[in-house]
Amino acid sequence: MKPGLWEHSFTMKSQSGQMERGMAEMQKQMASMPPEQRKMIEAQMGNMGVSMSGTGIRICLTEDDIKREQIPVSDGKCTTKVVTRTASRWVADIACTEPPTKGTAEVVFESAKAYRMNMNGTMLRDGKQQPYSMSTRMQHVASDCGKVKPASQVQKEYEQQMKKQAR
């Protein structure tokens, strides 16, 4: 994989349709914001290592992130355990606490500049387990990450913040 700025484009499907409606509503709200407010939100997201694009989100992966196989980088609310790994395909079990979610992801590396992931599982919503599926495609868009912080830096900052809160 090439280091730099990567763009995630994704689709989600849930039994209730809540995930899809939530995502559409978020996109609608961002599009209708005044330019100053949108810039402020985008700056906050950049500080968290994420940038919005027309088709998804963008993250910055450094050479170290790639060597450590931090793909995708966890925000501390999810754990990922790779159960099968080849040069072109990973299968992983994923468990998250917010929202409570469990699933299996298959990552297929198409080239040094693209990979796709399909995830299926269940999420706890309104006290009930509901099946969901998500498909993601990652595409390398630039060697320079611009204002988006590297994922590893964001991860370290998050871990430091959690340690401070635990004290």
Quick check for you: to the nearest 0.5 Å, what is the distance between [X] atom [atom1] and [Y] atom [atom2]?
X      : Y      : atom1 : atom2 : answer
Lys2   : Ser143 : NZ    : OG    : 5.0 Å
Lys81  : Thr104 : NZ    : OG1   : 11.5 Å
Arg137 : Glu7   : CZ    : CD    : 10.5 Å
His8   : Arg58  : NE2   : CZ    : 11.5 Å
Met138 : Arg116 : CE    : CZ    : 14.5 Å
Ile59  : Cys145 : CD1   : SG    : 9.0 Å

On a heavy-atom basis, which atom in [X] and which in [Y] lie closest, and how many Å separate them?
X      : Y      : value
Leu5   : Asp144 : CB-O, 4.0 Å
Thr84  : Val82  : O-CG1, 3.4 Å
Val83  : Asp93  : CG1-OD2, 3.6 Å
Glu106 : Arg89  : OE2-NE, 2.6 Å
Ser133 : Asn120 : CB-OD1, 3.0 Å
Ser135 : Asn118 : OG-OD1, 3.0 Å

With a 4.5 Å heavy-atom cut-off, do [X] and [Y] have their side chains touching?
X      : Y      : answer
Pro3   : Thr62  : no
Met117 : Trp90  : no
Thr101 : Ile94  : no
Gln130 : Thr122 : no

### Message
Can you tell me how the ring of Trp6 sits relative to the ring of His140, calling it parallel under 30°, perpendicular over 60° and tilted otherwise?
### Response
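Because their plane-to-plane angle is over 60°, the rings of Trp6 and His140 count as perpendicular.
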
### Task
Is it possible for you to say whether Val141 and Val148 belong to one hydrophobic cluster, with membership spreading through side-chain heavy-atom contacts below 4.5 Å?
yes

